[in-house]
2 protein chains.
Amino acid sequence: MRPGIKQVAELAQVSIATVSHVINNTRYVSNEIKQKVYSAMEQLDYRPNAVAQSLRSQKSNTIGLIVPILPSDTSNFFFMTVAQGIQSTLKKHGYQMLLSNNTTEELEEEKEQIKLFNSKLIDGLIIASIAEDVGYLNDIVRSRYPVVFIDRKPEGYNGDHVVADGYGGSFNAVKLLAEKGHRRIGFVTGTLGISTSNERLEGYKKALAEQGLPYDPSLVKVASPSFESGYECAERLLAEGGITALFIANNVLTMGVMGCLQEKKIRIPEDLAVVGFDDYDWTKITTPPLTVIRQPSFEIGEKAAEAMIKRIEEGQDNPEFREYRLPTQLVLRGSC
Amino acid sequence: MRPGIKQVAELAQVSIATVSHVINNTRYVSNEIKQKVYSAMEQLDYRPNAVAQSLRSQKSNTIGLIVPILPSDTSNFFFMTVAQGIQSTLKKHGYQMLLSNNTTEELEEEKEQIKLFNSKLIDGLIIASIAEDVGYLNDIVRSRYPVVFIDRKPEGYNGDHVVADGYGGSFNAVKLLAEKGHRRIGFVTGTLGISTSNERLEGYKKALAEQGLPYDPSLVKVASPSFESGYECAERLLAEGGITALFIANNVLTMGVMGCLQEKKIRIPEDLAVVGFDDYDWTKITTPPLTVIRQPSFEIGEKAAEAMIKRIEEGQDNPEFREYRLPTQLVLRGSC
DNA sequence: CTGAAAGCGCTTACAG
DNA sequence: CTGAAAGCGCTTACAG
């Protein structure tokens, strides 16, 4: 049987309370007694029962993370790296991460997962919500614990959020292409209406304007989030003709576009200069290697965890919610 | 405040015991009373406190999963897909998955994670151990719950394990190359001594033998698990000359090799025919797209979860441990 | 057919 | 400076 605190107390000949206090360093215990307790714990290979601790203290030292990850989808990679950033910094502060991924891309699933987390007494929630409006959190979370949003800017519920500077990344990519002399620069984006896509489009427009280039809506293709859709957008842009450069605003679409270009034997960058999104490993081994906008995914996770810890330590007193905006980075390779 | 079972009992005017029994369907309750309880639960938006349930019943309905995932490493993808397979089938059986990834690739970390799981009362452990010998589990797990191993065959501790048929995959890849007329077929493998690498090497040898080709150790390069190491192995094989085909036995190394070939402008398959390992999305968009051995990663996860559920339901009575070996698949594309 | 009560393994006021 | 006891929210023998 697993030894409990009672067994430790008996062996050390002290009270249960004392054992608890030496474990948690929560009140003064004489050195002599401390030693007895430590050695008893060691002898029994005692580990506190986390479940009992949670029940009693109404605190689980656990932060829930909800992230939309489809099976076998390349975009996994981004959120997985974020998750690792979160986990590694939570660990430093003595917290654990409970991961739940929304495989269905449905909002109901997301809600269900939060309710599950609630029943496990999480101390905080970090979420990359798929909802455009996260107002539903008002009913489910009810400010019982802090919520930190990642990737997108939340609407309808207050919370810190950490995002990558997609605006700046997009701006820099398009500016680079324009400076290389390209006048007709295609743009492939994911569904609009969410903050990430919106601001990347803004960056595109802004760069064009600054470079004195006209904004031509026919050069902008909105894709659904799939390889195939990216492929198809590239196909259409190619068929319509006229572009000499292409910027793709997310990683799944970048892959789809590259699939199309490789199949049609478009020479890069001679026939078409290309800049993609997200610095995935595979972008290094395409022909030629791809210039991309890098999002600091691990750092996003770290920052989200830090924000969470801060919130928990501060308590409810601070009503001002912060936006943490992390810089993106232009990674130059052979494709433009 | 979150309502507890007591509040439900009061509102429904029944005992706590009765509420518990209708929740768990664990003894007869008259329809009339059931209805009262249900409506009280709904009215209060009641959810049982999972922590209290675990503590009392000494069962958490949670399966721990430990998997070695390095930050920003492409190999993440394999285990992530496995994890999704596990999670989706556990969910069907009312279990949750608790994920812990060993970021350090160190055995001590692995042990620490298991101890943490223990303190959370997990009902079972699914693990892709990095240890060559998992005998240490005898001390930590002590048969308190079932262990299912994935990816590799365990040594030193008994448990079901589910693996992909690397032997068959490797055999088919090399056979294909030989049948296309290649006589000198290079082989890049990860560290030997673990079941996965070992059996892929065996498959290579077996295919050569069957095709009447000599086994030449100088064509076999053992790499450490990194992009760079794969790159370097390709470089060496190229420098030493003589190979017309190359089979790479895991995905990280495949990427490294492709990086090298692309940089040295080796034409594929004209100069060198290539077969890689693992059907990652990016293998579709290399130039040319890559022929690979596909491992059924999601299915591995599903099978592991099924094996776990079976063990838990069977109890301790069945001492015969099973190997589940899932077929790999040759995915033909342009690189050979 | 249903209820009162013990107890899972802890933490934390309350006493002394 | 340390201990005895209540209680977190459930499940589950034991009674009737």
Side-chain angles (χ1 to χ4, degrees), chain A residues 1-38 40-41 44-62 94 115-123 144, chain B residues 1-38 40-41 44-62 94 115-123 144:
Chain A
M1 268 316 297
R2 261 173 66 91
I5 199 172
K6 209 173 149 193
Q7 282 71 265
V8 176
E10 273 165 17
L11 184 60
Q13 310 195 63
V14 296
S15 74
I16 287 178
T18 297
V19 176
S20 172
H21 282 118
V22 345
I23 291 170
N24 300 302
N25 235 314
T26 178
R27 83 177 174 195
Y28 180 88
V29 177
S30 75
N31 260 322
E32 191 190 4
I33 290 190
K34 259 190 191 163
Q35 287 316 315
K36 284 204 292 186
V37 172
Y38 282 136
M41 292 202 298
L44 296 171
D45 192 22
Y46 169 75
R47 288 236 152 192
N49 182 322
V51 174
Q53 287 178 317
S54 299
L55 178 60
R56 180 51 235 247
S57 62
Q58 300 288 41
K59 190 169 184 322
S60 61
N61 279 296
T62 297
K115 287 182 183 167
L116 236 157
F117 278 168
N118 284 344
S119 77
K120 299 211 155 188
L121 304 180
I122 56 166
D123 299 332
R144 273 190 306 237
Chain B
M1 269 314 298
R2 263 172 65 91
I5 198 171
K6 207 173 149 193
Q7 282 69 266
V8 176
E10 272 165 18
L11 184 60
Q13 310 196 63
V14 296
S15 73
I16 287 178
T18 298
V19 176
S20 172
H21 281 117
V22 344
I23 291 170
N24 300 300
N25 234 314
T26 178
R27 81 176 176 195
Y28 180 89
V29 177
S30 74
N31 260 322
E32 191 191 2
I33 291 191
K34 261 190 190 162
Q35 288 315 319
K36 283 204 291 185
V37 172
Y38 283 137
M41 294 202 295
L44 296 172
D45 193 22
Y46 168 76
R47 287 234 152 194
N49 181 323
V51 173
Q53 287 178 315
S54 298
L55 178 61
R56 179 53 235 247
S57 62
Q58 300 288 40
K59 191 167 183 319
S60 61
N61 279 297
T62 297
K115 286 181 182 167
L116 237 158
F117 278 169
N118 285 343
S119 79
K120 300 211 153 186
L121 303 180
I122 56 166
D123 299 332
R144 273 191 306 238

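Below, each value reflects all heavy atoms present in this structure, side chains not excepted, and no hydrogens, waters or symmetry copies.
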Problem - Between P of C/dA13 and CD of A/Gln58, the distance in whole Å - result: 13 Å
Handout entry: Length of the NZ-C1' vector between A/Lys6 and D/dG3, whole Å
Key = 15 Å
Handout entry: Side-chain touch B/Leu11/B/Tyr46, heavy atoms, less than 4.5 angstrom
Key = no
Problem - Beyond-backbone contact of A/Pro48 with A/Ile23, side-chain heavy atoms, under 4.5 angstrom - result: yes
Handout entry: Donor-acceptor pair present, A/Arg47 side chain and C/dG9 base, under 3.5 Å
Key = no
Practice task
Using a cut-off of strictly less than 4.0 Å, decide whether B/Ser57 has a side-chain nitrogen or oxygen near OP1 or OP2 of C/dC8.
Solution key: no
Practice task
Give every residue pair that meets the salt bridge (charged side-chain N to carboxylate O under 4.0 Å, His left out) criterion with at least one member in residues 20-38 of chain B, sequence neighbours excluded.
Solution key: none
Problem - Involving DNA chain C, stems made of at least three consecutive Watson-Crick or G-U pairs, both distances under 3.5 Å - result: C:1-3 with D:14-16, C:5-12 with D:5-12, C:14-16 with D:1-3
Problem - Between P of C/dT11 and NZ of A/Lys59, the distance in whole Å - result: 13 Å
Problem - Nearest listed nucleotide, side chain of B/Asn49, among C/dG9, C/dT2, D/dG9 - result: D/dG9
Problem - Least distance between heavy atoms, B/Arg2 atom then B/Gln7 atom - result: O-NE2, 4.3 Å
Problem - Spacing between A/Ile16 atom CD1 and D/dG7 atom P, to the nearest angstrom - result: 17 Å
Completion exercise
Closest to the side chain of B/Tyr46, out of C/dT11, C/dG9, D/dC10, is D/dC10
Problem - A/Glu10 CD - C/dC10 P separation (whole Å) - result: 13 Å
Problem - Side-chain N or O of A/Thr18 closer than 4.0 Å to phosphate OP1/OP2 of D/dT2 - result: no
Handout entry: Donor-acceptor pair (no angle test) under 3.5 Å: A/Arg27 side chain, D/dG3 base
Key = yes
Practice task
Compare side-chain N and O positions of B/Gln53 against OP1 and OP2 of D/dT11 and report whether any pair is under 4.0 Å apart.
Solution key: yes
Problem - Sugar-phosphate only, base, or nothing, as touched by A/Val29 at under 4.0 Å among non-hydrogen atoms - result: sugar-phosphate
Exercise for the section: Under 4.0 Å between any heavy atoms, over every strand shown, what does B/Ile33 touch: base, sugar-phosphate, or nothing? Just pick one. Expected result: sugar-phosphate
Exercise for the section: Could you please name the option among C/dC1, C/dA13, D/dA13 that lies closest to any side-chain atom of B/His21? Expected result: D/dA13
